[in-house]
Amino acid sequence: MKTYFNKRTIFVPIVMMLAMTLASCNDSEFLEEKPKDFLAPENAYSTLAGVKQGITGLHWTLRNDWFFGEEQQDVMSIFKALGTDIAFHGEDPNSTRFLCNYVNYLTSSSDYVREYWRRPYRIIQRANTLAAAIETLDETQWTSATQREEYLAETFFFRAWSYRLLVSFFGDVPVVTDIIDEAKTDFVRDPVAKAYELMETDLNYAAQHLPDPGKEEDPGRVTKGAALHLLAEVYLMQHKYSEAVQAATRVINDFGYGLMTERFGSTVDVFGTGDVYLDLFAYGNQNLSENREAIWVIQFEPPSVIGGSNARGVRAFGPAYFRMGNTPDGKPAFRGEFVNGKYTGYSDTLGRGVSWIRPTNLMVYDVWRDNWDNDIRNAPHNIKRDFYFDSPESAYHGQKIDFSLYPANAGRDAIRDTCQYIYPFFMKHADPLNILSDAATSGGGAIYKDQYAMRLAETYLLRAEAYIQMGDNARAADDINAVRARAHAAPVAPGDADIDFLLDERARELYGETCRFFVLRRTGKLVERVRKYNNNPLNPGLNIQEHHVLWPIPQMQIDLNINAPFPQNPGYN
């Protein structure tokens, strides 16, 4: 039976006082604040158990920021694909939210932009607070000779993870390594080089002191492999390509990782067929010891487990088929499952999608054309392209849904039909038939399977990217073909292994798993590919401008920084 570091009572978020106003009238001992009946860094992290709670808090915060919560729709959806070459907002392509229009969305007063600024700094503050506590914890409390360094390395990993996001989205940002425990109004925007220097220092320390893969205390904890994978990406951001190759090569060669090429786990082949790519994303397979591809896996668990949480995979990526109305002969198009004495209108194989993230034509058609039938990632059980009427009272029951079957005067909305109701659904983001909550809505859009933050296929593609930038297309093709061979796709020739092919391969392999913005920015391809490939029907190209490569600094940050200049990024008011 497996146990989870961040999946039981230990995952209850710790209450943290991250900014405390210090008394300054005198230094008399009786005026010194000593928290006894509430949690603060000086008492919450004074024991090994408290420090471990702090580590848990870092994992919990990152999990929520990246994967969880309807209240974080924009944050999660943009991180996963929106606003790039591979996805647009399907529920309402002309929404003022969900990055449907860069000019309207990226303003210094946007609440959603502010969240991209605030959340990484929240993790940084917590990491800095925890690191300071680890440094001062009595050495007699540690249970091994290396535990102190391992825990410190883990906090540094999260700090580097957060600065990677800030630098990518905003450019020059304040680099903070101390605890902010009182009001501060004189921050300065440090050059990105300073942030990169800190990230490299943090990740090299983490790569030295984190446990080897398989030796971590609990599933979900980061290891040397995760630190080196992230370090390779940080090197790519700086165009340090030989260093990126070295870091990625260590991940590939030194820790026993391997691309999964044979079927594994207990996958249910819901649609009658399956393969190893389906197995990678099946419930319960991510943490298996036989899964040698997983580098870092975010842990989830149903609400029945204290600290449990869900990923909004279906809700975000799934089509809202249940909203499409009637069949061509006027009967409800979807009967759904029979729950509590009535039919729900929802399918247990499809869940309840809301079409926040709708793949572009590039993602669902163009990248597959040369290997449509042989690339297993495009197999019908991995990308569901055909949907069928579920309406026993209708003459169309069981027929494939085709909107040309409707009379010309049926009043259908072509954009809603193809952007919101029915479109190809990448089943890696679903969990068919595994409904763990809210049966009346077939899960309500929630899934509880663990989620990859990093896996080895991406490491190969990181190294391939470095090789391409170094002009070594032969080695780049070798790495790309290692991924393509598992997918049964035809190998790419070295002459064709350029950056655009790499970006297409990342789309095929990693759709929705990683932040697409990171790779598009560091390769200089963001504006070009959004304009070329984002086929939002109401805003083709999303009105992206050259200055949108970086986002605006939130005006709130500028206004509060009254004792030092805090310039806005070019192109924004």
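Of the options R506, K525, R516, a salt bridge (charged side-chain N to carboxylate O under 4.0 Å, His left out) to D85 is made by R516 and by none of the others.
F158 contributes atom CZ, which lies 11.0 Å from atom CG of L230 (distance to the nearest 0.5 angstrom). One distance of note links CE of M260 with CD of E290; it measures 6.0 Å at 0.5 Å rounding. Taking CG from L436 and CG from D431, the interatomic distance works out to 6.5 Å, rounded to the nearest 0.5 Å. Residue F387 holds its CZ atom at 9.0 Å from OG1 of T349, rounded to the nearest 0.5 Å. Considering CH2 of W66 and NZ of K80, their distance stands at 6.5 Å, rounded to 0.5 Å.
In this structure, the side chain of R315 does not engage the main chain of G445 through any donor-acceptor pair within 3.5 Å. The backbone N or O of W356 sits less than 3.5 Å from a side-chain atom of H89, completing a donor-acceptor pair. Side chain of N204 to main chain of E200: a donor-acceptor pair is present (N/O by atom type, distance under 3.5 Å, no hydrogens or angles). At least one donor-acceptor pair closer than 3.5 Å links the side chain of H429 to the backbone N or O of Y511. Between the side chain of N382 and the backbone N or O of N378, no donor-acceptor pair lies under 3.5 Å. Side-chain N or O atoms of S168 include none that pairs as donor or acceptor with a backbone N or O of L165 at under 3.5 Å. Judged by distance alone, with hydrogens and angles left aside, the side-chain atoms of Y346 form no donor-acceptor pair with the main-chain N or O of A440 at under 3.5 Å. Of the possible polar contacts, none joining the E243 side chain to the H239 backbone as a donor-acceptor pair under 3.5 Å is found. A donor-acceptor contact shorter than 3.5 Å is absent between the side chain of D375 and the backbone of A489. Looking at Y423, its side chain does come within 3.5 Å of a backbone N or O of G318 through a donor-acceptor pair.
Between R221 and E150, none of the side-chain N atoms (NZ, or NE/NH1/NH2) sits under 4.0 Å from a carboxylate O, so this pair counts as no salt bridge. Under 4.0 Å is where a charged nitrogen must lie from a carboxylate oxygen, and between D478 and R475 no such pair does. In this structure, E216 does not pair ionically with K224, as no charged nitrogen and carboxylate oxygen lie closer than 4.0 Å. A salt bridge links K428 with E513; the closest basic N to acidic carboxylate O contact falls under 4.0 Å. Remark: K52 engages D218 in a salt bridge, criterion side-chain N to carboxylate O under 4.0 Å. A salt bridge between E293 and R486 is present, with a side-chain N of the basic residue lying under 4.0 Å from a carboxylate O of the acidic one. Classification of R263 and D275 as a salt-bridged pair fails, no side-chain N sitting under 4.0 Å from a carboxylate O. Salt bridge present: R377 and E505 bring a charged side-chain N and a carboxylate O closer than 4.0 Å. Using a 4.0 Å cut-off between a side-chain N of Lys or Arg and a carboxylate O of Asp or Glu, D212 and K215 do not qualify as a salt bridge. Looking at R529 and D500, a side-chain N of the basic residue comes within less than 4.0 Å of a carboxylate O on the acidic one, giving a salt bridge.
A heavy-atom distance below 4.5 Å is found between the side chains of Y365 and R385. I78 has its side chain within reach of F517: a pair of non-hydrogen atoms, C-beta onward, lies under 4.5 Å apart. Contact annotation: the side chain of L405 approaches that of Q399 to within less than 4.5 Å [non-hydrogen atoms, C-beta and beyond]. Within the 4.5 Å cutoff, the side chain of F389 has no heavy atoms near those of the H397 side chain. You'll find the side chain of D269 stays beyond 4.5 Å of the side chain of T273, heavy atoms only. The shortest side-chain heavy-atom distance between R159 and I123 does not fall under the 4.5 Å cut-off. Taking the side chain as every heavy atom from C-beta outward, E509 and Y277 approach each other to under 4.5 Å. Side-chain contact between Q73 and R312: absent, with no pair of heavy atoms (C-beta onward) separated by less than 4.5 Å.
Summarising the geometry of G512 relative to F317, their closest heavy-atom pair is CA-CZ, 3.7 Å, with the distance given to 0.1 Å. In plain terms, the two heavy atoms of A87 and A81 that are nearest each other are CB-CB, 3.6 Å. Of all heavy-atom pairs between Y116 and L166, the closest is O-CD2, 4.1 Å. Minimum heavy-atom separation, I295 to G225: CG2-C, 3.7 Å. When all heavy atoms of S77 and F98 are compared, the pair lying nearest together is OG-CE2, 3.9 Å. The minimum heavy-atom distance linking A247 with L228 is given by the pair CB-O, 3.8 Å.
Aromatic ring centres of Y321 and F334: separated by under 6.0 Å.
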Given the rule in the ring pair (Phe, Tyr, Trp, His ring centres under 6.0 Å) test, do F300 and Y448 qualify, once you have shown the distances and angles that lead to the verdict? CA-CA 5 Å; F300 287 87; Y448 298 93; 8.1 Å; no
Might you work through the side-chain contact (heavy atoms from CB on, under 4.5 Å) test for I480 and R484, ending with a clear yes or no? CA-CA 6 Å; I480 294 170; R484 291 176 65 78; 3.6 Å; yes
Evaluate side chain to side chain donor-acceptor pair (under 3.5 Å) for S442 paired with D348, printing each intermediate quantity in order. CA-CA 5 Å; S442 290; D348 280 356; 2.7 Å; yes
With ring pair (Phe, Tyr, Trp, His ring centres under 6.0 Å) as the criterion, how do F281 and Y452 come out once you've worked through the C-alpha distance, each side chain's angles and the decisive distance to 0.1 Å? CA-CA 9 Å; F281 302 97; Y452 297 107; 5.7 Å; yes
Candidate pair K384 and L350, rule side-chain contact (heavy atoms from CB on, under 4.5 Å), full reasoning: CA-CA 10 Å; K384 182 172 177 55; L350 300 176; 3.6 Å; yes
The test is side-chain contact (heavy atoms from CB on, under 4.5 Å); show your working for F157 and S162 and say whether it passes. CA-CA 9 Å; F157 174 90; S162 300; over 6 Å; no
side-chain contact (heavy atoms from CB on, under 4.5 Å) for F518 and R164? Distances and angles first, verdict last. CA-CA 9 Å; F518 293 152; R164 183 268 307 257; 3.3 Å; yes
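The closest side-chain donor-acceptor pair between T441 and D438 falls under 3.5 angstrom. No hydrogens or angles considered: a donor-acceptor pair under 3.5 Å links the side chains of N287 and D450. Side-chain atoms of T267 and D279 include a donor-acceptor pair closer than 3.5 Å. Counted by atom type alone, Q420 and R323 present one or more donor-acceptor pairs between their side chains at under 3.5 Å. Judged by distance alone, the side chains of N310 and E301 never bring a donor and an acceptor atom under 3.5 Å apart. Counted by atom type alone, E217 and Q147 present one or more donor-acceptor pairs between their side chains at under 3.5 Å.
In this structure, R335 is positioned above the aromatic face of Y343, its NZ or CZ under 6.0 Å from the six-membered ring centre and within 45° of the axis.
The environment of CD in E262 is sparse: at most 12 heavy-atom neighbours from other residues, nucleotides or ligands sit within 6.0 Å.
A perpendicular orientation is assigned to the rings of W296 and H59, their planes being inclined by more than 60° (bins at 30° and 60°). Taking the six-membered ring for Trp and thresholds of 30 and 60 degrees, Y205 and H209 have ring planes inclined between 30 and 60 degrees apart.
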